[in-house]
Student: 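One structure coming up, written as structure tokens, with questions to follow.
The figures here come from the full heavy-atom set of this structure, side chains too, leaving out hydrogens, waters and symmetry mates. Just so you know, these numbers come straight off a predicted model, no measurement behind them.
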Amino acid sequence: MKESFWIANASLECSFSMENGRVNGTNTERFHVFVKDGRFERIVPATQPLPEGEAVWDADGLLMLPSFKEMHIHLDKTFYGGPWQAVIPAPNRFFRIEQEQELLPRQLPVAKERAEKLLQLIQSHGATHVRTHCNIDPVIGLKNLEATLQALETFSGKLSWEMVAFPQHGLLRSDSVSLVREAMKHGAGLVGGVDPATFDDDIEKSLYTMMDIAVEANADVDLHLHEPGHLGLFIMKRLAAMTEDAGWQGRVTISHAYGLGELPIPLVEEMAERLESLQIAIMTAIPIDMPTIPVPLLHAKGVHVGLGNDNITDHWDPFGTGDMLQKANRLAERFRWIDEVSLSRALGFVTGGLTPLDKQGNQIWPKAGDAADIVFVRAKCSAEAVARQNPKEAVMYAGKMVWQNDRAKEK
């Protein structure tokens, strides 16, 4: 597709419809959208004729939505793309670590290929940005990092990405500090960590070392935190204090944060206010087998919450579809967001905050100058797309078509 072209006959959300003072639906209209150099330049009603001689892709009434952001996945150790394997039941996480000591070297020859297959799956479901965690440990060294970077290079120009150097076996426990430092020089952009109490048995030293590497590398942080209840809360408080001391506001994410789902509401509110003041983000996969953190409370307090698929078909978990729209659906179902406005707002949790309408129903996307990162869905509106998980028909990244299903290709 040329650097400048028209998207013809795209359905865009314009406002909410009202009945008896309540929102009862979403109004959409068809538009022509001109894309140039990867951004929207003009948006005109579809009743206007298109200029002659311009390249055109006809959306044929498909709903145009902001593309999705997959904010937590492990590309480097998936079974996806290979033979089916169910999960061996494990008494604890350390059993999984023992598995990895044998599994990671065995899977290394296919790590790149399987990461590519998983990226294809994610993109076919509408994602154009991926944050992937990559094992950095004495068992595999930087080899998984190298394989994953090669897979991401295959998708150059098709999506954006972030790489987290993740000491899955414990930053201190596995003596991975020097390896993580090396990873920051060889393609990783974020410093990871995992359960400083359970895995490293030294909360202060583990968190301090993680933050020290981040400051040294001028990198952001993404900490896996599965620690429960008050222990998890204490760790979040210590991480918040170190974030403030380092001046790392807006550069820290806590993934999972299960403890927030097990605490009295007043304590969660207090922690949420602290997180918001330091712009510490939370990432969740909306698990159904673990405590679900109070996303509505966190969001209301101004904490940025993102969603991710986490493990997809690997030795930790045999499940996962790669579909961020399914994650938005699970979020809405879990918290009974069943009305038009709430369903439409759920979309923002998988787009980095972008929604076609604001809460009052004013159109805020797309606007001239916005990046042309788009997913085209066979749905009437974003509320329907979230509730019914309608089919994705095509995906654009930076104004380039990066995926189409067979129906879209035939047009």
Student: Is the closest side-chain heavy-atom distance between Leu263 and His230 below 4.5 Å?
Tutor: yes
Student: Rounded to the nearest 0.5 Å, how far does NE2 of His129 lie from OG of Ser67?
Tutor: 10.5 Å
Student: Hey, are the side chains of Phe31 and Arg42 touching, using non-hydrogen atoms and a 4.5 Å cut-off?
Tutor: no
Student: Taking NE2 in His226 as the centre, count heavy atoms belonging to other residues, nucleotides or ligands within less than 6.0 Å. Is the count above 12?
Tutor: yes
Student: Quick one: do the Asn390 and Glu384 side chains pair a donor with an acceptor below 3.5 Å?
Tutor: yes
Student: Let me confirm one number: the CE-SG distance from Met163 to Cys134, rounded to the nearest 0.5 Å.
Tutor: 5.0 Å
Student: Verify whether one side chain among Asp314 and Thr78 offers a donor that lies under 3.5 Å from an acceptor in the other.
Tutor: no
Student: CG of Leu223 to CG of Asp195: how many Å apart, nearest 0.5 Å?
Tutor: 7.5 Å
Student: Please tell me whether Glu162 and Thr132 have a donor and an acceptor in their side chains that are separated by less than 3.5 angstrom.
Tutor: no
Student: Decide side-chain contact (heavy atoms from CB on, under 4.5 Å) for Thr292 and Tyr258; before the verdict, give the C-alpha distance in whole Å, the side-chain angles of both, and the deciding distance to 0.1 Å.
Tutor: CA-CA 7 Å; Thr292 305; Tyr258 291 146; over 6 Å; no
Student: Check this for me: does any side-chain nitrogen of one of Lys77 and Glu100 sit under 4.0 Å from a carboxylate oxygen of the other?
Tutor: yes
Student: How long is the gap from NZ on Lys301 to CG on Leu275, to the nearest 0.5 Å?
Tutor: 11.5 Å
Student: Show your working on side-chain contact (heavy atoms from CB on, under 4.5 Å) between His224 and His72 and close with a plain yes or no.
Tutor: CA-CA 10 Å; His224 280 63; His72 189 110; 3.2 Å; yes
Student: Could you tell me the separation between the CG atom of Leu239 and the CG atom of Leu207, rounded to the nearest 0.5 Å?
Tutor: 6.0 Å
Student: Would you say the side chain of Leu357 lies within less than 4.5 Å of the side chain of Ile364, judging by non-hydrogen atoms?
Tutor: no
Student: Side chains of Thr253 and Asp222: donor-acceptor distance under 3.5 Å anywhere?
Tutor: no
Student: Hey, are Asn27 and Ser15 close enough side-chain-wise for a donor-acceptor pair under 3.5 Å?
Tutor: yes
Student: Does a side-chain heavy-atom distance below 4.5 Å link Leu260 with Leu298?
Tutor: yes
Student: Under 4.5 Å between any side-chain heavy atoms of His32 and Asn9, yes or no?
Tutor: yes
Student: Between Ser382 and Glu13, is there a side-chain donor-acceptor contact under 3.5 Å, judged purely by atom types and distance?
Tutor: yes
Student: Quick check: do Arg131 and Glu70 have side-chain heavy atoms less than 4.5 Å from each other?
Tutor: no
Student: Can a side-chain donor-acceptor contact be found between Ser11 and Glu29 if the only test is distance below 3.5 angstrom?
Tutor: no
Student: With rounding to the nearest 0.5 angstrom, report the OG1 to CZ distance, Thr284 to Arg330.
Tutor: 9.5 Å
Student: Taking only residues two or more places apart in sequence, or in another chain, which ones meet Glu116 in a salt bridge (Lys or Arg N to Asp or Glu O under 4.0 Å)?
Tutor: Lys112
Student: Return yes when atom NZ of Lys380 has more than 12 non-hydrogen atoms of other residues, nucleotides or ligands closer than 6.0 Å, and no otherwise.
Tutor: yes
Student: Check the pair Leu104 / Asn135 against side-chain contact (heavy atoms from CB on, under 4.5 Å), numbers first and verdict last.
Tutor: CA-CA 9 Å; Leu104 294 182; Asn135 263 48; 3.5 Å; yes
